[in-house]
Amino acid sequence: MVWPTVVLAVCLVGGSYVAVHALQCPKCEEAQCAPLVGKQCLAGVVKDSCGCCDVCGNLEGDRCDRAGDNGPTQYGPCGENLQCRHRVDLPEQDAVCICKEQKMICGSNGETYENLCQLLEDAHESEQRIMVDREGPCKGDPWIASAPDDAHIYEGDNTSLACEAMGNPVPTIMWTFVNKDHVEKSLPSDDEHFSVQLRGGPEKFEVTSWLLIQSAKRTDEGNYRCIAKNDLGQKDIHAAVKIYRKGQQIPAEGQIPPPKDSRLHPNLMGTTRARRERRWQSNARHGEL
C-alpha cells in the first residue's frame with residue numbers, strides 16, 4: 001500500500017491567509033493494495049484515505065484520522081455509518097469514530113442495540129442479515145444500565161445508592177436490604193431513615209432510582225439489592241455498604257468510591273446489548289447473595 005503524504009496549501013480567505021491541510025495521493029494502483037482475504041471487517045469495508053484501496057473500517061470508539069487534521073495518517077478511516085470526530089478528553093488532535101445515528105433500535109434478531117452501527121457490527125460478526133425492526137429496545141426483560149457503587153461510611157453519616165435500568169416495557173425499580181444474617185427485607189420499610197426516589201430517564205425507556213440512608217446505624221451494614229422488573233422478567237444487582245465506628249480508619253479502598261463497572265455502562269462503545277448481557281451475567285455481583 002502507498003501511504004499518502006500531507007501537503008500545506010495557503011489560501012486567501014476574507015482578506016487573510018489561512019493554512020489548509022490536504023492529502024496528496026499518488027496514482028491509484030490497486031495491484032499494490034493489501035488483500036482483505038480472511039479478515040472480518042466488523043465495521044464494513046471502506047476506502048483508505050486516498051480512496052484507492054479497500055480497508056477494514058474502524059469500529060465505534062476507535063481512534064481515527066480526521067480529514068483536514070495536520071499530520072500523517074495513523075489510525076485509518078471509520079467504518080460504515082460512522083464519522084470521525086474530535087474528543088475533548090483525548091490528547092492533542094486525537095479523534096474517535098462516532099455513529100451518525102444515536103438511537104436505540106430493535107433488530108430483526110430480537111436483540112436491542114444502542115445504535116445502527118452496533119447492529120451492523122453484530123451482523124458482520126455473526127455473518128447474518130440483521131435488519132432494523134423498530135426504533136427503541138425490543139420487548140423483553142429489563143437490564144441494569146448503571147449499577148450502584150459500594151459505600152464505606154461512618155456511623156451517623158448519610159449515603160445514597162443510585163441504580164438505572166432500561167427495558168420495554170419500561171421497568172420499575174425496587175430495593176431490598178440483606179443483613180449479615182442473610183435476612184432480606186423490602187425498602188423503604190417503616191424505618192424512617194430509609195427513603196427511595198424514582199423517576200423516568202435520563203434516556204427513553206430508562207428509569208433511575210435512588211436509595212437514601214440517613215444517619216446510618218451499624219445494623220444498616222450489608223448488601224442493598226436493586227431489582228429492575230417489568231411484565232416480562234427482572235434483573236438485579238447489589239452494592240455493599242460498610243459502616244465504621246467514629247474514629248475507626250476506613251481502609252484505602254473504601255475512601256474513594258470505586259469506578260462503575262464499565263461492563264454495565266449504558267454508553268459502551270462498540271458493544272451490542274447481547275454482548276453486554278453475557279458479560280453482565282458473568283459478573284460476580286449478579287445473582288444470589
- Task: Please test Y75 against D62 for side-chain contact (heavy atoms from CB on, under 4.5 Å), starting from the C-alpha separation and ending with a verdict.
- Result: CA-CA 8 Å; Y75 306 111; D62 287 347; over 6 Å; no

- Taking it one step at a time, do D141 and K235 satisfy salt bridge (Lys or Arg N to Asp or Glu O under 4.0 Å)? CA-CA 8 Å; D141 59 318; K235 289 290 193 312; 2.3 Å; yes

- Task: Go through K180 and E221 one step at a time and tell me if the salt bridge (Lys or Arg N to Asp or Glu O under 4.0 Å) criterion holds.
- Result: CA-CA 7 Å; K180 294 179 180 179; E221 183 171 295; 3.1 Å; yes

- Check the pair Q32, E29 against side chain to side chain donor-acceptor pair (under 3.5 Å), reporting the backbone distance first and the verdict last. CA-CA 6 Å; Q32 297 184 16; E29 296 185 14; 2.9 Å; yes

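Both L198 and Y224 belong to a common hydrophobic cluster when Ile, Leu, Val, Met, Phe, Trp and Tyr are linked at side-chain heavy-atom distances under 4.5 angstrom. Two different hydrophobic clusters hold L42 and L82 under the rule that ILVMFWY side chains link at heavy-atom gaps under 4.5 Å.
A donor-acceptor contact shorter than 3.5 Å is absent between the side chain of T176 and the backbone of S186. Distance alone, capped at 3.5 Å, is enough to place a donor-acceptor pair between the N230 side chain and the G233 backbone. Formation of a donor-acceptor pair under 3.5 Å by the T112 side chain with backbone atoms of C138 is found in this model. Without hydrogens or angle criteria, S209 side chain to Q197 main chain gives a donor-acceptor distance under 3.5 Å. Remark: the backbone N or O of C106 is not paired with any side-chain donor or acceptor of D133 at under 3.5 angstrom. The main-chain N or O of R63 is found under 3.5 Å from a side-chain atom of N58 such that the two form a donor-acceptor pair.
For R85, the CZ atom sits in a loose shell: 12 or fewer heavy atoms of surrounding residues, nucleotides or ligands are nearer than 6.0 Å. The 12-atom threshold is not exceeded at CD of E192, counting heavy atoms of other residues, nucleotides or ligands nearer than 6.0 Å.
Using a 3.5 Å distance cut-off with no hydrogens or angles, the side chains of E60 and N115 do pair a donor with an acceptor. Between the side chains of H193 and D220, at least one donor-acceptor pair of N or O atoms lies under 3.5 Å. Using a 3.5 Å distance cut-off with no hydrogens or angles, the side chains of H152 and Y244 do pair a donor with an acceptor.
For the pair S160/I213, no side-chain contact is recorded, criterion being any heavy-atom separation below 4.5 Å from C-beta on. Looking only at side-chain heavy atoms (C-beta outward), I105 and L116 come within less than 4.5 Å of each other. With a 4.5 Å cut-off on side-chain heavy atoms, E114 and K103 do not count as touching. A heavy-atom distance below 4.5 Å is found between the side chains of M166 and W143.
For the residue pair L212 and T159, the shortest heavy atom distance occurs at CD1-O, 3.4 Å.
A distance below 2.5 Å between sulfur gamma atoms is met by C84 and C64. Taken together, the cysteine pair C28 and C52 places its SG atoms within less than 2.5 Å of each other.
Salt-bridge check for R225 with E184: passed, with a basic side-chain N closer than 4.0 Å to an acidic carboxylate O.
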